[in-house]
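Counting from 1, the numbers follow the sequence of the chain as shown. Note that these values count all heavy atoms, side chains included, but never hydrogens, waters or copies made by symmetry.
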Amino acid sequence: MNLFILIDSGLLSLKPAQSIWAISSGQDLVMLILGVIVLVGMVLIGLVAFYLLLILKKALEPESVKKPVDTRSLWQRLSGLHALSQEKELVMEHAYDGIAELDNPTPPWFMWLFYSTIVFSVIYLFVFHVIGSGDIMAQEYTQEMAIADQQREEYIKKVAGSINENTVTLLKDAKGVESGKVLYTQYCVACHGANAEGKVGPNLTDAYWLHGGDVKAVFHTITEGVPEKGMISWKKQLNPLQVQQVASYILSLQGSNPAGAKEPQGEKIAGAVPVALRN
């Protein structure tokens, strides 16, 4: 019934609307050209109106006040200082008991310095405490100590490499003897006593020696040890330079006659070494 009504009213007989670009006759072409001309003309009129508006706005605005000529020197400009002649220009409106205030802000160099410290602190925090790629003081100390130990080892190898039983000599300088004392205190006191007076081991301050009393013999005894009497070989713990220092310190104690000295052992080697070298 509804379909019949639509057919009867002629709604289904309407044709679809045609596009304006579907030119089917000369009249349509003329209409299209006129439409384009009108559109272009409207755009041009709009542009001209906008340009005239800008000119009118510029004409109505008051002329900007020209800034006074800055007579400051280059240093004054960079540092943000003002000349004394410009103080009147910097006076602010308010005054208290005749005391005027100048509009003199913090110099730019100081502000840039302040900003740079902020930037530096952020970078430092990120590098040293966030990603951890920087060396903090503890790491620098550890690295420097490692470098120092490596250099020390290289020096010892260089110096100690030329010292052996045949080339060793008696050290007489205070630094070398003192180094030997430190090593003796660390490694030898348990068996020979704090003053080399003898404990389990023999007295090292008299003229009697079990295995020779010159520097080469003492060097050999320390290096190789005396296994049959319980003295270990120290060549793994001490390098040749250190053995030379210990031997020199021991021989520097000759004739010191410490309290509680052990009875002489071995053979007397008179005049083999000088009397104590201690100051």
Side-chain angles (χ1 to χ4, degrees), residues 138 141-279:
Y141 174 78
T142 303
Q143 292 176 354
E144 291 178 358
M145 290 300 296
I147 295 173
D149 290 341
Q150 183 179 0
Q151 293 176 344
R152 178 176 175 275
E153 292 297 327
E154 292 176 354
Y155 172 78
I156 290 175
K157 288 180 181 178
K158 182 179 178 180
V159 175
S162 59
I163 300 174
N164 53 50
E165 294 180 10
N166 298 320
T167 62
V168 64
T169 57
L170 182 66
L171 297 177
K172 298 181 180 180
D173 61 287
K175 185 177 180 180
V177 175
E178 187 63 26
S179 298
K181 181 181 179 180
V182 173
L183 294 169
Y184 177 88
T185 304
Q186 183 176 359
Y187 297 108
C188 309
V189 167
C191 295
H192 294 281
N195 298 310
E197 70 276 13
K199 296 290 185 181
V200 178
N203 178 7
L204 301 177
T205 63
D206 58 19
Y208 292 85
W209 296 90
L210 293 172
H211 308 287
D214 60 2
V215 66
K216 293 183 178 179
V218 176
F219 184 95
H220 173 80
T221 303
I222 297 172
T223 302
E224 302 299 333
V226 187
E228 63 274 14
K229 295 186 177 180
M231 179 176 175
I232 66 171
S233 170
W234 289 96
K235 59 185 177 184
K236 292 184 178 179
Q237 289 84 358
L238 303 176
N239 61 59
L241 176 61
Q242 291 174 317
V243 175
Q244 182 188 33
Q245 292 171 342
V246 175
S248 298
Y249 172 69
I250 291 173
L251 294 177
S252 74
L253 300 176
Q254 286 293 291
S256 59
N257 298 318
K262 198 174 181 179
E263 292 295 326
Q265 293 176 279
E267 298 180 2
K268 183 177 182 180
I269 304 177
V273 293
V275 181
L277 299 175
R278 294 181 301 172
N279 294 327

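- Thr205 contributes no side-chain N or O that, together with a main-chain N or O of Gln254, makes up a donor-acceptor pair within less than 3.5 Å.
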- prompt: Do Lys235 and Glu224 pass the salt bridge (charged side-chain N to carboxylate O under 4.0 Å, His left out) test, and can you show the C-alpha distance, the side-chain angles, and the key distance before you say yes or no?
  reply: CA-CA 7 Å; Lys235 59 185 177 184; Glu224 302 299 333; 3.3 Å; yes

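- Counting non-hydrogen atoms of other residues, nucleotides and ligands closer than 6.0 Å to CD of Glu263 gives a total of 12 or fewer.
- Atom-to-atom distance recorded for Ser256:OG and Leu204:CG is 9.5 Å, nearest 0.5 angstrom.
- Considering OG1 of Thr167 and CZ of Phe219, their distance stands at 7.0 Å, rounded to 0.5 Å.
- For the residue pair Leu251 and Asp214, the shortest heavy atom distance occurs at CD1-C, 4.1 Å.
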Side chain to side chain contact (heavy atoms under 4.5 Å, CB included) evaluation trace for Glu178 with Asp173:
CA-CA 9 Å; Glu178 187 63 26; Asp173 61 287; over 6 Å; no

Using the side chain to side chain contact (heavy atoms under 4.5 Å, CB included) rule, take Thr221 and Val226 through it: C-alpha gap first, then chi angles, then the decisive distance, then the call.
-> CA-CA 7 Å; Thr221 303; Val226 187; 3.9 Å; yes

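- Of all heavy-atom pairs between Leu171 and Val177, the closest is O-CG2, 3.7 Å.
- For Glu165, the CD atom is densely surrounded, since the number of other residues' heavy atoms within 6.0 Å is greater than 12.
- Nearest approach of Ile163 to Pro240, heavy atoms of both residues: O-CB, 3.5 Å.
- The distance from the CE atom of Met231 to the CD1 atom of Ile222 is 6.0 Å, given to the nearest 0.5 Å.
- Side-chain atoms of Gln151 never come within 3.5 Å of backbone atoms of Ala148 as a donor-acceptor pair (strictly under, hydrogens ignored).
- Minimum heavy-atom separation, Asp206 to Trp209: O-NE1, 3.8 Å.
- Taken to the nearest 0.5 Å, the OG1 atom of Thr223 stands 11.0 Å off from the CD atom of Gln242.
- Pairs passing the ring-ring contact (aromatic ring centres under 6.0 Å, His included) check and including a residue from residues 174-202, sequence neighbours excluded, read Tyr184-Tyr249, Tyr187-Trp234.
- Considering all non-hydrogen atoms of both residues, Pro258 and Glu197 come closest at CG-CB, 3.6 Å.
- Here CD1 of Ile250 is found 5.5 Å from SG of Cys188. Values are rounded to the nearest 0.5 Å.
- Counted within 6.0 Å of NZ on Lys262, heavy atoms from surrounding residues, nucleotides or ligands total more than 12; the atom is thus considered enclosed.
- Summarising the geometry, atom NZ belonging to Lys172 is positioned 10.0 Å from atom OG belonging to Ser248; distances are rounded to the nearest 0.5 Å.
- The shortest non-hydrogen separation linking Lys199 to Val189 is CG-O, 4.4 Å.
- Side-chain atoms of Lys216 never come within 3.5 Å of backbone atoms of Val168 as a donor-acceptor pair (strictly under, hydrogens ignored).
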